[in-house]
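Written out below as structure tokens is the structure these notes cover.
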Amino acid sequence: FQHSYSLLRGYCLSTFAMLAWLLSLHLCYASVLWLALRVLGSGLCICAAFLLGYVAFRGSCHYCGVEGEMVPAEDKPGTDHDNLVEGMYLGELRDMLKKYLQDEKIESTVSRTTHPSGSSEGTALAAEILETFKDLHMDHTWTDSHYATLQFPSRIQRNSLWMVDSQGEVLEEIPLEDPDSYCAYSATGTATGGVVYVNYGRQQDFDWLQSSGVSVVGCVVVMRVGGGVSYAEKVLLAQKAGAGGALIYPDPADISQDPRRLGLNSYTAISEHVHLGSGDPFTPGFPSFNHTQFPPTQSSGLPVIPAQPISANVASKLLSQLTGPVCPRGWQGRLPYVRCVLGRGFTSADGRRIRMGVYNTMTPVLLNNIFSSLEGRIEPDQYIIMGAQRDAWGPGAVKAGVGTAILLELARTFSNMVQNGFYPRRSLLFVSWDAGDFGNVGATEWLEGYLSMLHLKAVAYFSLDQACVCVSLQDSRPYPFVNTPLDTSGRLQEVLGGRLGVVGRSLGELVGLMVLRLAHDHILPLRITTYSHTALQFSAQLNKHSAELQARGLSPQWVFSARGDYSRAAETLQEAILNSDVQDETMTRIYNTRMMRVEYYFLSQYVSVVETPFRHVLHGRGEHTLSALTEHLSLLTSDPRRFNEALFRRQLALFTWTLQGAANALSGDIWNIDNVF
């Protein structure tokens with residue numbers, strides 16, 4: 001583990017994780033920053049998640065060390081973190097952390113069942129966690145409550161699937177096999193049409209179908225889980241392509257369904273929400289303290305077509321009867337007895353089609369986020385936050401159990417350390433979030449309620465959710481049971497070879513060591529010059545298209561100027577920090593504040609938080625982002641007819657001023673800002 005920690009110090013930990021996340025948010029999964037450490041020789045891959053410009057993005061992770069993300073500076077001999085911490089050396093604190101962490105408590109907590117949000121069992125679990133925090137003699141323990149709208153399967157009418165004839169008469173009902181599975185925040189109602197197989201439902205998949213003359217308009221599309229695309233993105237892309245409904249299934253090619261190797265069985269579907277965003281979709285951009293006070297509105301990320309997860313068996317029944325063009329190379333899954341064709345008709349000549357019915361119901365639910373904190377002795381208004389969701393649709397051993405267990409064990413460990421001489425410089429917050437399965441609703445609503453203070457107080461956020469999901473054995477088998485009724489502690493123990501407690505303790509130790517560093521150092525250990533390289537790469541792309549841009553009367557000079565300002569400001573601040581007296585509390589506070597503002601200013605100020613939940617220009621999603629601007633720029637050579645000059649001018653201008661704002665924030669005082677062009 002010492003090796004792991006030494007790797008960590010030289011790599012990344014983007015500590016403004018939460019801040020950008022929330023602020024970029026609405027907290028989407030949009031930009032989630034992952035720290036990936038490979039422990040050499042152990043065959044384990046340990047990943048600790050950090051939120052950066054969050055979101056989430058999305059179900060994928062950005063790995064630390066990727067260009068364009070803030071990373072901590074490397075340690076140098078004799079630097080701040082070798083000094084005493086209120087009478088104790090950092091090395092002594094590391095030993096103390098390892099001494100107090102207990103794998104037995106982690107294992108016993110995971111073994112307990114989690115519960116859905118809004119259930120009586122879920123409320124009881126929240127009360128139990130609150131009492132646990134109180135028993136730890138923390139400085140503060142409290143509950144933060146919100147009223148949010150969640151979607152659940154109807155108790156009156158189950159979601160269904162039928163085969164109908166050309167007149168719409170039902171020929172047969174196709175049993176869903178896993179009737180409790182559903183897509184939260186799906187549109188409700190029925191959709192009837194032919195079936196088209198669209199691979200993973202990615203943008204490139206729909207683009208290929210369109211270029212090949214295969215229309216999905218009015219059809220029910222069938223797509224595979226995975227492909228680096230969340231359910232919400234799949235459904236949105238299907239909706240944009242004109243589909244009438246979406247069915248999502250786990251293919252054996254992506255998720256093991258071999259019972260001899262602890263795989264998912266073929267009759268289980270995987271549930272996931274389909275709101276492209278996070279938080280309560282009926283209070284986008286503001287908190288759900290009591291949404292009777294707000295005008296009626298809803299998130300632009302809510303789908304308008306029904307979506308439903310299905311099992312591999314159901315998918316096989318549908319796809320095995322399809323006719324039409326043969327699938328392109330790479331689209332073939334491993335469903336038994338299925339010849340991969342695109343559809344949209346069936347082999348029978350009676351014009352049969354599919355009808356799907358989704359009858360989920362919206363329900364107002366009281367959410368309770370449980371907080372506990374240890375106050376910092378020098379900078380108590382600077383927060384290092386550790387959080388985990390505690391709710392799950394099924395047993396949720398990985399989805400919520402492991403994260404909750406590590407959270408409680410870290411809280412107990414740090415409380416013991418404080419009682420035995422540890423005095424953190426900054427405050428430590430431990431949070432149990434509600435309604436995480438619905439798109440981080442509890443976390444998002446809290447963040448939206450306190451954004452004005454958090455952007456200068458939240459130093460770092462450590463997400464403990466799904467922490468064993470990133471632990472794999474030597475053969476790199478993925479854990480296939482998340483978001484299913486099979487996500488039990490017994491199966492997780494089997495996957496980990498009976499080492500659940502040991503692995504959980506290792507993950508807790510990794511997070512704890514990082515928290516110690518952040519709670520101790522006078523200067524936040526971030527290398528703020530990393531974004532300069534991202535801006536430089538974009539400048540190089542602009543240079544490649546300089547002739548085309550000039551022909552249209554477009555000049556990239558303002559971007560070059562803003563990039564130069566940011567690079568100079570970052571390098572100047574970095575040099576000032578290296579040459580400063582870290583014992584000068586006033587200067588260290590100024591330096592830390594300037595660094596913490598950077599992520600905030602990379603959140604576009606020119607788009608609506610209601611319409612654009614992922615506002616970070618580097619890690620977000622939308623036309624305001626650098627990735628969208630780069631893709632648009634490439635059209636100058638790949639497809640000039642699709643190049644929209646007016647839109648490009650707007651994108652370029654808004655990105656330039658966002659970059660300039662970040663440069664100004666780093667520069668510090670207004671008289672240090674160079675505004676000469």
Side-chain angles (χ1 to χ4, degrees), residues 18 21-23 25-30 51 54-56 114-127 129-130 142-155 182-188 230-232 271-303 360-371 387-393 396 399-400 404 431-451 454 463 465 483 609-611 613-614:
M18 161 165 142
W21 195 69
L22 7 154
L23 296 174
L25 199 152
H26 268 2
L27 208 52
C28 320
Y29 264 37
L51 313 173
Y54 198 82
V55 298
T114 56
H115 302 286
S117 293
S119 66
S120 58
E121 297 88 351
T123 301
L125 180 59
I129 290 175
L130 180 66
W142 71 100
T143 299
D144 179 81
S145 298
H146 299 267
Y147 289 90
T149 301
L150 307 181
Q151 192 186 60
F152 299 94
S154 171
R155 296 180 178 179
Y182 77 114
C183 290
Y185 297 125
S186 166
T188 56
S230 70
Y231 278 29
S271 297
E272 190 175 308
H273 77 88
V274 290
H275 170 216
L276 190 64
S278 67
D280 185 347
F282 298 97
T283 60
F286 46 87
S288 298
F289 287 124
N290 181 350
H291 50 217
T292 59
Q293 300 176 9
F294 296 102
T297 185
Q298 68 179 43
S299 167
S300 60
L302 280 176
N360 306 335
T361 58
M362 297 292 185
T363 306
V365 174
L366 173 64
L367 306 182
N368 292 305
N369 298 321
I370 311 300
F371 287 77
Q389 75 174 65
R390 68 172 180 275
D391 66 291
W393 286 316
K399 192 65 184 289
T404 297
V431 194
S432 174
W433 302 115
D434 205 349
D437 260 0
F438 296 84
N440 301 293
V441 175
T444 303
E445 299 311 312
W446 178 74
L447 295 171
E448 289 177 336
Y450 302 99
L451 287 183
L454 286 172
S463 172
D465 292 335
N483 289 338
V609 296
V610 176
E611 298 298 324
F614 309 96

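Quick caveat: nothing in here was measured; it's all calculated off a predicted structure.
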Is a side-chain donor or acceptor of [X] paired with a backbone partner of [Y] at a separation under 3.5 angstrom?
{"X": "Ser119", "Y": "Pro116", "answer": "yes"}
{"X": "Asn483", "Y": "Ser271", "answer": "yes"}
{"X": "Glu272", "Y": "Tyr231", "answer": "yes"}
{"X": "Gln151", "Y": "Ser186", "answer": "yes"}

- Query: Parallel under 30°, tilted from 30 to 60°, perpendicular over 60°: which one fits the rings of Phe371 and Trp433?
  - Reply: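 Ring orientation, 0 to 90° scale: perpendicular.
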
Indicate the ring-plane relationship of Tyr185 and His273, choosing parallel, tilted or perpendicular according to the 30° and 60° boundaries.
->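 Perpendicular.
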
Quick one: pull up [atom1] in [X] and [atom2] in [Y] and give me the separation to the nearest 0.5 Å.
{"X": "Thr149", "Y": "Leu367", "atom1": "OG1", "atom2": "CG", "value": "9.5 Å"}
{"X": "Met362", "Y": "Phe152", "atom1": "CE", "atom2": "CZ", "value": "11.0 Å"}
{"X": "Leu125", "Y": "His115", "atom1": "CG", "atom2": "NE2", "value": "6.0 Å"}
{"X": "Asp144", "Y": "Ile370", "atom1": "CG", "atom2": "CD1", "value": "9.0 Å"}
{"X": "Asp434", "Y": "Trp446", "atom1": "CG", "atom2": "CH2", "value": "15.0 Å"}

Less than 4.5 Å apart, side chain to side chain, heavy atoms only: is that true for [X] and [Y]?
{"X": "Gln298", "Y": "Pro281", "value": "no"}
{"X": "Tyr147", "Y": "Asp280", "value": "no"}
{"X": "Val365", "Y": "Leu150", "value": "yes"}

Going by atom types only, do [X] and [Y] share a side-chain donor-acceptor pair under 3.5 Å?
{"X": "Asp437", "Y": "Gln389", "result": "yes"}
{"X": "Ser145", "Y": "Asn368", "result": "yes"}
{"X": "Ser432", "Y": "Arg390", "result": "yes"}
{"X": "Ser288", "Y": "Thr283", "result": "yes"}

Measure across [X] and [Y] and return the closest heavy-atom pair with its distance rounded to 0.1 Å.
{"X": "Pro153", "Y": "Asn360", "result": "CA-OD1, 3.8 Å"}
{"X": "Ser299", "Y": "Pro284", "result": "N-CG, 3.8 Å"}
{"X": "Ala388", "Y": "Asp465", "result": "CA-OD1, 3.2 Å"}
{"X": "Ala400", "Y": "Ala392", "result": "CB-CB, 4.4 Å"}

Identify, with sequence neighbours excluded, every residue that meets side chain to side chain contact (heavy atoms under 4.5 Å, CB included) alongside Thr123.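 Side chain to side chain contact (heavy atoms under 4.5 Å, CB included) list for Thr123, sorted by chain: empty.
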
With sequence neighbours left out, the residues meeting side chain to side chain donor-acceptor pair (under 3.5 Å) with Thr188 are none

(message) Tell me every residue that passes side chain to side chain donor-acceptor pair (under 3.5 Å) with Asn369, counting only those two or more places apart in sequence or in another chain.
(response)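 Asn369 satisfies side chain to side chain donor-acceptor pair (under 3.5 Å) with no other residue.
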
